[in-house]
Number of protein chains: 2
Amino acid sequence: MKYFLVVALFLAMPIQAQQQDQKQIQEIYEEALSNGKGYTWLNYLSNQIGARLSGSIQAEKAVSYTKSILDSLGLDKVWLQPVKVPKWVRGIPEFAYLESSAGFTNNVPVRALGGSVATPMGGIKANVIEVRGIEELKALGTTKIQGKIVFFNKPMDPTILNTMDAYAAAVDQRYSGATEASKYGAIGVIVRSLNLRLDDFPHTGAMSYGDTPFEKRIPAAAISTNGAELLSTSLKLNPDIKFFFRQHCKTLPDVDSFNVIGEIKGSTYPDEILVVGAHLDSWDLGDGSHDNGAGSVQSMEVLRLLKATGYTPKRTIRVVLFMNEENGLRGGATYASESRKGNENHIFALESDSGGFTPRGFTFESNQGNFEQLLGWKKLFEPYMVHLFEQGLSGADIGPLKNDNIVLAGLRPDSQRYFDHHHSENDTFQHINKRELELGAAAMASLVYLFDTYGTVASSN
Amino acid sequence: MKYFLVVALFLAMPIQAQQQDQKQIQEIYEEALSNGKGYTWLNYLSNQIGARLSGSIQAEKAVSYTKSILDSLGLDKVWLQPVKVPKWVRGIPEFAYLESSAGFTNNVPVRALGGSVATPMGGIKANVIEVRGIEELKALGTTKIQGKIVFFNKPMDPTILNTMDAYAAAVDQRYSGATEASKYGAIGVIVRSLNLRLDDFPHTGAMSYGDTPFEKRIPAAAISTNGAELLSTSLKLNPDIKFFFRQHCKTLPDVDSFNVIGEIKGSTYPDEILVVGAHLDSWDLGDGSHDNGAGSVQSMEVLRLLKATGYTPKRTIRVVLFMNEENGLRGGATYASESRKGNENHIFALESDSGGFTPRGFTFESNQGNFEQLLGWKKLFEPYMVHLFEQGLSGADIGPLKNDNIVLAGLRPDSQRYFDHHHSENDTFQHINKRELELGAAAMASLVYLFDTYGTVASSN
């Protein structure tokens, strides 16, 4: 059924408009692939600034640098929007080992989960209870868990094609594992890294203690997948094995930071706003090239591409680099609440936060009328190998903008390699392919162009 | 039009058959992603054996190793098919520099093109004439070229989305550059590497002297893209610059080698043969992981996947690892001629020779009736993000099997990164992603399954 509808809608578009759209999209792609700037910008962001966790000096440098890039693009307005952000610091590097018997130890790579409390200065050492997830933890109960370190070892499911879905199915042990384990008297939590490969990189990421009182919070760390396999095998050989880990992370008072914003004012409908954005902060391991330097430079590149191809937007097109997606989402929340205060009318928002890999398509949160309109554009993307147009989650930062009429969209790059890098020391610039990054920016700019040209069903057009 | 046809064909398939196909394909993908063997095999091929140019000891080791793998799969028959192959050796590593004035030199990375003659023992040093391709060379004529080194510096076109097409548009300077330049009195040829990135790896590849008499053959080498940029810029500053290069490569007499073949005999139509294959040889730089260790292990994995999922083929399914695709295509030619001698009936052949990246689809060489049948299968692949079903070239090794009734197909992985690696020291195992490799094998096995189940239009079914 869907296919008939797509063809029908596409054929219904006037030939001349189709040709104009094809031409504009071709020009965007040619400019991106022959003169793209995103890779150079990302090189600076990754290699000169590096990891930029909210509240860090690097995050502030990233704000200044990206503002200077936007200032250089000849936009109509560039500004910083104040955002108060949390500041969590890792401190002295973590240390961990498993002890099969007194004096016989194997070091294993661990990193504190973001937001975790520290261990005591001297670390903790205890017996380990391995579980495959939170349900299994609950089934074990206090007797089996009291006084132990809980080892959450549910791997990502390799048979799920889209690795984002496999992540979603396993991330609860990282996010809520410590809170749940503490209810049964656990003294610490070790979580298998959310990585489909076997390697030596621990992958950090956000965790929450919910409403657990401060004195009941237990430390939580990620262990590399190889480390998890070693620990699991060792436990099978000897359930009495002990695990030691030490971490000195700390939450400091909130600090001032910013969303970085630039816009081209619409020539015809300046009050209708299209947003393209990504989060500028990253975790503090690696340099955050894929998560989410890639999306940040792609979002800036979208506005550059539209200008470089001589396109004059009818509507206001805004790039927003959101601060603090990783451990607070304060940037996204602030942007949406300020926008509501100002009675701004956002008709479309697009986020890139799934890595700088070859774009496969987009997922959309929209009403049916808008979804039918955009399905009519699908064929325009096929020459560029962008095939996926589906209903689905868009992005965390633009989520707070949601209402009945706005169309929210997320770029969907190829997901196979993403979790090799995500939140780990392995998320570095050398793993970015210039053309893949540029193709993502071109796909995004093409979609923004179409929404600018045709508006949404609820908007003017 | 195409869309209506696809939907119509798909809807025309009995529901039960559709469900059986979906189930079998799902089982193939689950087995590939949770228990795939290709990555382990490729690790051995790449890291224990390494580069395997035709005629080398490594090529013979690769024959023995892959035969031992096929022997372990419980196939009905495994054998080696003798192939006489050329033997070209690189000898002492190449050396090159550009000399802006006496004593002021910059070393640049070069590697002899495959099949090139050596320079004199002491190398050659001469003025350089830069051209953007063979047409520009012809326009210059003998006066400008006589006694010089011709520098072919036509880059791959970055605006062509499929990098294979950009390669096809630039490869003539590598393949025929020396022959053409020698007609105008050039004494050597330096060719810009066929690589879309700027980096320091020279990319070798086949070249031919055609019917140029031996004494008129001039040496040809690839220069890295960074080296090409340096040379070009230096020539603009000073056209009198000299270039030196030295290479000691040599063609030895042909030697004995083999295609490696294994098959599962068909239960119903044993005389109808389906081939899945790839070339086992590689160039002598890097370890040939993407070109074409990936295709080799994927082809073996196809048969393992069919067996592991309990599928009993109706037709004979054969894996062929072809020797000598890179510099002679003797394996493909021998396989086809032996097959003709034996009056074998090949109805389908599938080749993987475009890297181990995420599969995007297939290209087909087939008659219209078969193409319409296979378009009806397209929707079965969409859940696996395999979208491209198009007419187009299949593969070099299976090309000699072509006739009016056979369907030839080529796996089309994402092409963006391929030429970062192709034919260079940068084609190594670390650049293989396990899941991407496995998804390619699963897509191939699924297509083989469908051709086995439904046959071709000319065949029984």
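Convention: sequence-line order gives letters A, B, ...; per-chain numbering from 1. All of these numbers come straight from a predicted model, not from anything done at the bench.
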Strictly less than 4.5 Å between heavy atoms, which residues of [range] line up against chain A? Please order them by number.
range                       : value
residues 353-361 of chain B : B:F357, B:T358, B:P359, B:R360
residues 26-39 of chain B   : B:Y29, B:E30, B:L33, B:S34
residues 160-169 of chain B : B:I160, B:L161, B:T163

(Q) Testing B:H387, B:M385, B:E382 one by one against A:H387 for a side chain to side chain contact (heavy atoms under 4.5 Å, CB included), which residue passes? (A) B:H387
Q. Under 4.5 Å between any side-chain heavy atoms of B:N433 and A:D420, yes or no?
A. yes
(Q) Any heavy-atom pair between the side chains of B:D414 and A:E436 that's under 4.5 Å? (A) yes
Q: Enter the distance from B:K434:NZ to A:Q416:CD here, rounded to the nearest 0.5 Å.
A: 11.5 Å
Q. Just how far is it from atom CZ of B:R417 to atom CZ of A:R435, taken to the nearest 0.5 Å?
A.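 B:R417 CZ to A:R435 CZ: 12.5 Å, rounded to 0.5 Å.
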Q: Considering only heavy atoms, give the residues of residues 423-431 of chain A separated from chain B by less than 4.5 Å, sorted numerically, with 'none' for an empty result.
A: A:H431
